[in-house]
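First the structure, in the form of structure tokens, and then the observations on it.
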Amino acid sequence: MKKIFFVTGTDTGVGKTYVTAVLAVLLKASGRRVGVMKPIQCGGDDAGRLAEAVGVNDDPEVICPYALAEPVSPHLALARQKIKFDLSKIQKACQILQEKYEIVLVEGAGGLLAPLQDNYFMADLARDLGSEVIVVSRPGLGTINHTLLTVSQARSFGLTVRGVVFNAADRQKKGLPEKTNAEAVARMGRVAVLGTVPYLPRLKRGDILRKRPALNLTTLLRTPFRRSAAGLDKKFVWHPFTQMRDWLEDEPLMIASAQGSYLYDVQGRRYLDGVSSLWVNVHGHRRPEIDAAVGEQLRRVAHSTLLGLGNIPAAKLAAELIKIAPAGLAKVFYSDSGSTAVEVALKMAYQYWQNIGHPKKRQIVHLANSYHGDTLGSVSVGGIDLFHRVYRELVFPTRQLDFGDGYRAPRGKKYPDYFWECVDGTEAVFRRDHGRIAALIVEPLVQGAAGMIVWPPGVLRRLAGLCAKYGVLLIADEVATGFGRTGTMFACQQEKVTPDILCLAKGITGGYLPLAATLTTQKIFDGFLFDYQAQKTFFHGHTYTGNPLACAAALANLKIFKEEKTLAKLQPKIRFLTRGLRAFMALQHVGHIRQRGFMAGIELVENRETKKPFAWERRVGVAVCRRARERGVILRPLGNVIVLLPPLTISQDELRELLEVTYWAIEQVVIE
Ligand SMILES: *Cc1c(COP(=O)(O)O)cnc(C)c1O
């Protein structure tokens, strides 16, 4: 098992170099292959002294990629020498050592919050190297405070603290603190104390071996829980939308942490999050603003119920949602997933007509290829046979309208005309049956789960017009398209449509916590205001409805949109994605490319001329995503459609990486 330990200190000058050398020498003496590095050194030559004491002769540029001249904080030393910090330089050096050694000890500079850049600290480096942390501390008075602060800070960065080593930097006699602090730190910090390094006048291998400090190497090398998590997963977890027989045959990829557009697995390997963790992430992972908002709310109250009580974040968020939603929406009903947002919408629409005295308006109409979630109510309005067929007998009857997919028109039809014919067909149905129809539910502009079907401009507006004309409620399911995905905050806004009911989930918390909202108009809300005895209350609610932590995350998510001008910054990246996707037509098995904003689908076909699909059993989409993973990109397909749906904050370079790896993966698979 390969291991990287990041040696940090409670302060500068506590003896990190000594402890790193001692650990390396002892581990070597126990028969391990051990390498050392000091990625950044500011003045002096600790790296050289360390290498010499441990007895390694790796390239000095590998042991110390950033040897800076001045003894000041790394961010300042870098700035004064006009050197741009490049994480990959350190990662590459570490990689070289990892290939050669079983264990790599990385000595940090200063403490965990010593900055390398304004927004990047030693703790970030420790995480990005996939390392676990060893804290070096002094034994005397004041160390409980400093050590516990460092341990808790490490944990707040998601780091595992392997242990604390005390270093007696001088010959002082042991007082009461020195004798009792180790035990106190272990108990109060819930952390292993590996031992104390006695005073060593010189940093020499011979001296270390002679003194043989009693450090607990067994504890240091114990396999931490997260490395065995894959075993627990296979033993106990049933995964969604997954043939578990396949899953059990594979080694599962276990995610341990994330940063920005990247996910990190338990081995510290990095993956670009090409589908925003199933379409939810908006501003990247570990956004300080959202982290802080959730943390602050956590210190007030994690959850209180909306059944009979209100809470501050839920109230504030409702106001903010109404502010940004299409004009005319006035009320917010919370739940916790896209499916429940849709359930709420369906029940609301149905009951509305019952409540106001139109008992015949009971039918729910949906479109072909629709997807609105996996609970039975939302499956009832689903039009994707593969997902929905098994449950046909369990669902309530609805009416499905023919609708185009933009690629394979029925015999004798063509696009985009066929879309408009379907809209005309919708009008015919409404004209005849509107007296029995309660609502039409649609995914505006992009039918996501069907494989990113993109509507031509104007279709949504026409459908909304028909709903208004025939007294059919329009339910817009913006669970996927909401929060900037299509280039505007909501897809409806591109066609100046205000639905009667709007369903939101996925991106609402920036991808942090499960939360959903069903928004509606004053008119519909008023359709539920009666005497209690009339029994026309909206009888719906989930236990965690309006959860304060989730609402706090959502508020922070919306604030970033405003402060960072996310949507304005997105526009050039949408164009970059469009240009990048065009190149895919050079691949002979790419049949159709669909994109709206930051939602894209690449449909792979066996024959481009006839549009003959690959047989589903061949699982071409899955195979492509598997290849992409080898090159550090996470994708999840929809059948034969490769989906690209990155965080809105992805950089242009990262977007290029996403496109290049996807292109390569398609090329690999269809060549096979
Ligand atoms: C994902 C999705 C849903 C379901 O959301 P869950 O949170 O998975 O229940 C509903 N509608 C649309 C359009 C979706 O994309």
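Whatever order the structure lists them in is the order used to number ligands and atoms, beginning at 1. Sequence positions, counted from 1, serve as the residue numbers for this chain.
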What do we get for S339 next to ligand 1 when only non-hydrogen atoms under 4.0 Å count, side chain, backbone, both or neither?
both
Before we go on, tell me: are the rings of H283 and H285 under 6.0 Å apart, centre to centre?
no
Atoms of ligand 1 under 4.0 Å from any heavy atom of A480, numbered from 1 in the order shown, are 15 (O)
Here's one to test your reading of the geometry: is the NZ or CZ of R485 within 45 degrees of the ring axis of F598 and under 6.0 Å from its centre?
no
Taking A293's backbone N and O only, do any of them form a donor-acceptor pair with E296's side chain (distance below 3.5 Å, no angle check)?
no
Plane angle bin for H434 and Y470 - parallel if under 30°, tilted between 30 and 60°, otherwise perpendicular
tilted
So with a 6.0 Å cut-off around CH2 of W616, is the heavy-atom count from everything else above 12?
no
Within ligand 1, which atoms have a heavy atom of H372 less than 4.0 Å away?
10 (C), 11 (N)
Quick one: does ligand 1 sit under 4.0 Å from the side chain of E443, the backbone, both or neither, non-hydrogen atoms only?
side chain
Which residue supplies the protein heavy atom nearest to atom 5 (O) of ligand 1, what is that atom called, and how far is it?
G338 CA, 3.1 Å
Under 3.5 Å, is there a donor-acceptor pair between the side chain of R596 and the main chain of V446?
no
Sub-4.0 Å heavy-atom approach of V342 to ligand 1
no
At under 4.0 Å between heavy atoms, is it the side chain or the backbone of K506 that contacts ligand 1, or both, or neither?
side chain
Regarding S277 and D273, do their side chains bring together a donor and an acceptor under 3.5 Å, going by distance alone?
yes
Show the atoms of ligand 1 that are less than 4.0 angstrom away from any heavy atom in G373.
4 (C), 10 (C)
Looking only at protein heavy atoms, which one is nearest to atom 12 (C) of ligand 1, and how far off is it?
D477 OD2, 3.4 Å
Using a strict 4.0 Å cut-off to heavy atoms of S337, name the atoms of ligand 1 that fall inside it.
7 (O), 9 (O)
